[in-house]
K.L.:
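First the structure, then my questions, so here it is.
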Amino acid sequence: MTTEINTQDWQQTFIATNILAIGYNAWVGYLGGERGVVICSTNSPHLSIAGETFKAHFIPRKNLAAFLNAWLTAPDTVLLQRHFMNAHILEAVDKYNPQKDVIFLLEYGYQAAFFYLTKLPITPPQCYQTICKQWAEFQPHHSLSIGAKTQ
């Protein structure tokens, strides 16, 4: 029981720390045309001076069943909350509100966890706007003049 509580604490901390990136990926994926799932793996972190970063991907609904079948039936992947099998994940994707909620799958080690993130402190569109604003603030101003000279 204690191990499960520690795992849930770690997962909640991971989500809280990365909510901007998770919401951003969810919204960009949705703007790409349809509902889907944000997937992140902690198995291959990228190390830099800023610390560890993890790649996140958006899997659109039309590709999700095939992805889940391949990923979750791999012999070394265990879905933690077994009552959320593929059909339940697909149903959640069909019903979630992309304006407010995120469907998130987290892979760590040989395990995967499913999260239906609701009542978020920041919505996916707000995550998108926040990250776009931060990127705009860090863009070098001379890049516009370089583009202008080539035209």
K.L.:
Looking at CG of L20 and CD of Q126, how far apart are the two atoms once the value is rounded to the nearest 0.5 Å?
P.N.:
10.0 Å
K.L.:
Below 3.5 Å, can you tabulate the donor-acceptor pairs from side chains in residues 56-65 to any protein atom, sequence neighbours excluded?
P.N.:
residue	atom	partner	partner atom	Å
R61	NE	D94	OD1	2.8
R61	NH2	D94	OD2	3.3

K.L.:
Apply side chain to side chain contact (heavy atoms under 4.5 Å, CB included) to the pair F114 and H88, showing each step before the final yes or no.
P.N.:
CA-CA 10 Å; F114 166 78; H88 295 289; over 6 Å; no
K.L.:
Do Y96 and R35 make a side-chain contact, defined as non-hydrogen atoms from C-beta onward lying under 4.5 Å apart?
P.N.:
yes
K.L.:
Starting at CZ of F115, measure out to CD1 of I103 and round the result to the nearest 0.5 Å.
P.N.:
12.0 Å
K.L.:
How close do A113 and Q11 get, counting heavy atoms only, and between which atoms?
P.N.:
CB-NE2, 3.6 Å
K.L.:
Apply side-chain hydrogen bond (donor to acceptor under 3.5 Å, both in side chains) to E34 and list each qualifying residue two or more places apart in sequence or on a separate chain.
P.N.:
none
K.L.:
Could you pull out the closest heavy-atom pair between V38 and I22, with the gap in Å?
P.N.:
CG2-O, 3.8 Å
K.L.:
Using the ring of each side chain (for Trp, its six-membered ring), is W135 parallel, tilted or perpendicular to Y24, with breaks at 30° and 60°?
P.N.:
perpendicular
K.L.:
To the nearest 0.5 Å, what is the distance between OG1 on T130 and CD1 on I122?
P.N.:
4.0 Å
K.L.:
Once rounded to the nearest 0.5 Å, what's the spacing between atom CD of Q111 and atom CG of N43?
P.N.:
10.5 Å
K.L.:
Going by atom types only, do Q99 and Y30 share a side-chain donor-acceptor pair under 3.5 Å?
P.N.:
no
K.L.:
Using modelled atom types only, decide if a donor and an acceptor are shared between the side chain of S41 and the backbone of L106 within a distance under 3.5 Å.
P.N.:
no
K.L.:
So, for P98 and P124, which heavy atoms are closest and what is the spacing to 0.1 Å?
P.N.:
O-CG, 3.7 Å
K.L.:
Check whether any side-chain heavy atom of N69 lies under 4.5 Å from a side-chain heavy atom of N86, and answer yes or no.
P.N.:
yes
K.L.:
Residues two or more places apart in sequence or in another chain: which of them pass side-chain hydrogen bond (donor to acceptor under 3.5 Å, both in side chains) with K55?
P.N.:
none
K.L.:
What distance do C40 atom SG and F104 atom CZ have between them, rounded to the nearest 0.5 Å?
P.N.:
5.0 Å
K.L.:
Please round to the nearest 0.5 Å and tell me the distance separating atom CG of L117 and atom CG of D101.
P.N.:
8.5 Å
K.L.:
Which heavy atom of F54 sits nearest a heavy atom of T42, and at what distance?
P.N.:
CD2-CA, 3.5 Å
